[in-house]
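Since the model is a prediction, treat every value here as computed from it, not as a measurement. So you know, we letter chains A, B, ... as the sequences are listed, proteins then strands, and number each from 1.
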Amino acid sequence: MTEAVNIENGHDAKTVIRCRRLLLRWFAANARDLPWRRDREVYAVWISEIMLQQTQVQQALPYYQRFMKRFPTVAALAAAPLDAVLKAWEGMGYYARARNLHRAAGQIMERHGGHFPADPESVRALAGIGPYTAAAILSIAFNQPLAVVDGNVIRVLSRLHAWPGDAKTTSGKKEIQERAQSLLDPAAPGVFNEAMMELGALICTPQNPLCRACPLAACCQALAQGMPEKFPVKSAKKFRPHYQIAAGLIWKKEKLLIVRRPESGLLGGLWELPGGKQEAGEGLDETVAREAAEKLGIKIEVGSFFGHVDHAYTHFSITLHVYQCRHLQGTPHLIEHSDWRWVSIDELDDYAFSRSNRLIIDQLPMEVNYPPGHYSILSTAERAEKRKEKKSKKQN
DNA sequence: GAGGCGTGGAG
DNA sequence: TCTCCAAGCCT
């Protein structure tokens with residue numbers, strides 16, 4: 001049965017067994033020493049797998065260390081406020097992961113008495129856990145024979161079999177899943193899964209794969225054809241629009257107005273400077289005033305230009321223009337936002353902001369040392385100097 | 001099924 | 001600067 005499937009997939013049983021042995025031997029000698037590989041405790045595996053979704057190891061590493069210290073158990077994570085989890089996630093992107101992680105912790109407390117479940121149906125039912133993550137957790141933490149299929153595995157298998165299919169379609173997913181399951185070493189599923197992904201990350205890379213160092217080179221049909229980087233086949237790229245965004249540093253005395261985004265969608269639950277998209281025929285300063293009026297029902301005076309930052313998201317890019325502003329009148333009303341706050345500069349670091357907003361905020365001086373009504377008396381160079389001092393103080 | 005959803009590194 | 005794309009999931 002297994003043999004028939006393997007032959008159909010392009011490798012006979014002997015080849016499969018040889019590939020497994022070569023891959024596992026390579027992994028034993030070349031695996032990176034990563035904190036979540038130190039032990040197989042399911043909570044650690046879970047957190048690491050969520051962080052590693054669409055995120056490279058080097059980027060996730062510092063976040064993982066801080067997160068495990070801050071939220072060492074399911075119970076600690078479930079008991080924490082969402083804003084604390086988002087703050088720990090600040091800068092890593094795909095914030096739905098943080099929201100789902102927090103939600104899943106609650107689900108584990110309620111449904112499983114605080115113990116991470118070990119059966120596939122229960123794991124799959126947790127927020128933020130799809131087919132990949134369920135297989136990863138169950139194989140790595142509980143040694144269950146479930147093959148993972150992620151971007152690495154798709155690439156490795158596509159090349160191994162010179163597979164011309166599209167892994168994004170339903171039939172393509174099914175086919176890759178079956179090939180992965182056939183190749184999986186049932187004697188060591190967790191290690192084997194990690195080995196496949198490690199091979200994809202270190203050797204079988206998207207561009208310029210290191211085929212001379214690959215333990216599976218002799219089995220690789222794409223290499224035999226002479227063009228391993230042609231697999232997997234990639235779809236056409238889509239046009240991404242660019243938007244002009246204007247936002248305000250809206251002062252009331254020494255306090256700054258910040259607003260919290262809705263808890264779903266782009267940057268959901270994160271805090272930001274009030275603002276929005278520039279409309280046709282509108283000056284950027286007018287945009288700030290209009291957005292404050294429309295979205296918060298407040299009247300402001302727009303002053304000097306503070307700075308701008310370019311930023312690229314997945315489906316579009318922006319230029320964020322920021323202006324110094326003064327609050328004139330009105331209490332903010334929640335229309336699209338989920339919260340608002342007047343905060344001092346010191347308190348800004350307690351809130352989670354998107355990358356673009358954080359870049360602006362990090363240019364603010366340590367404290368407001370000018371009377372209300374006066375805008376931006378510090379030059380850019382002076383702000384940068386102040387910021388340096390603040391950072392060095394923080395480290396000490 | 002298709003598209004939304006961040007960020008940073010590499011070439 | 002620009003493009004690609006990384007240990008995916010949800011709607």
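Summarising the geometry of A:Arg97 relative to A:Ile50, their closest heavy-atom pair is NH1-O, 3.2 Å, with the distance given to 0.1 Å. Across all non-hydrogen atoms, the minimal contact from A:Arg20 to A:Leu183 is NE-O, 2.8 Å. Shortest non-hydrogen contact noted between A:Leu22 and A:Pro215 is CD1-O, 3.5 Å.
No donor-acceptor distance shorter than 3.5 angstrom exists from the side chain of A:Arg358 to the backbone of A:Gly91, with no hydrogens or angles considered.
Nucleic acid contact class of A:Thr133 (heavy atoms, under 4.0 Å, all strands): sugar-phosphate only. As judged by a 4.0 angstrom heavy-atom cut-off over every strand, A:Arg37 is placed among the base-contacting residues. At a threshold of 4.0 angstrom between heavy atoms, the contacts of A:Trp36 include nucleobase atoms, whether or not backbone atoms are also involved. A:Arg32 comes within 4.0 angstrom of a base, heavy atoms only.
Comparing A:Ile129 and A:Leu34 along DNA chain C, the residue whose closest nucleotide (by nearest heavy atom) sits nearer the 5' end is A:Leu34. With the nearest nucleotide of DNA chain C identified for both A:Arg103 and A:Ala201, A:Ala201 has the one nearer the 5' end.
Taking atom NE2 on A:His242 and atom C1' on C:dT3, their separation rounds to 16 Å, with Å as the unit. Whole-Å rounding puts the A:Ile50 CD1 to C:dG8 P distance at 11 Å. When the P atom of C:dC10 is taken as reference, atom OH of A:Tyr132 falls 14 Å away, rounded to whole Å. To the nearest angstrom, P of C:dC5 lies 15 Å from CZ of A:Phe231. One can place CG of A:Leu101 at 12 Å from P of C:dC10, the figure rounded to the nearest angstrom. Nucleotide C:dA7 holds its C1' atom 14 Å from the CG atom of A:Leu199, rounded to whole Å.
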> How does protein reach along nucleotides 3-11 of chain B, written 5' to 3' as B (base within reach of a heavy atom under 4.0 Å), S (only sugar-phosphate), or - (no contact)?
Replying inline: SBBBBS---
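The aromatic rings of A:His311 and A:Tyr313 sit perpendicular to each other, their planes meeting at more than 60°, with 30° as the lower class boundary.
Rounded to a whole angstrom, the distance from the P atom of C:dA7 to that of B:dG11 is 15 Å.
Contact check, A:Lys234 against C:dC4: no side-chain N or O comes under 4.0 Å of OP1 or OP2.
Screening residues 165-195 of chain A for ring pair (Phe, Tyr, Trp, His ring centres under 6.0 Å), with sequence neighbours left out, gives no hits.
Aromatic pair A:His321/A:Tyr323: ring centres not closer than 6.0 Å.
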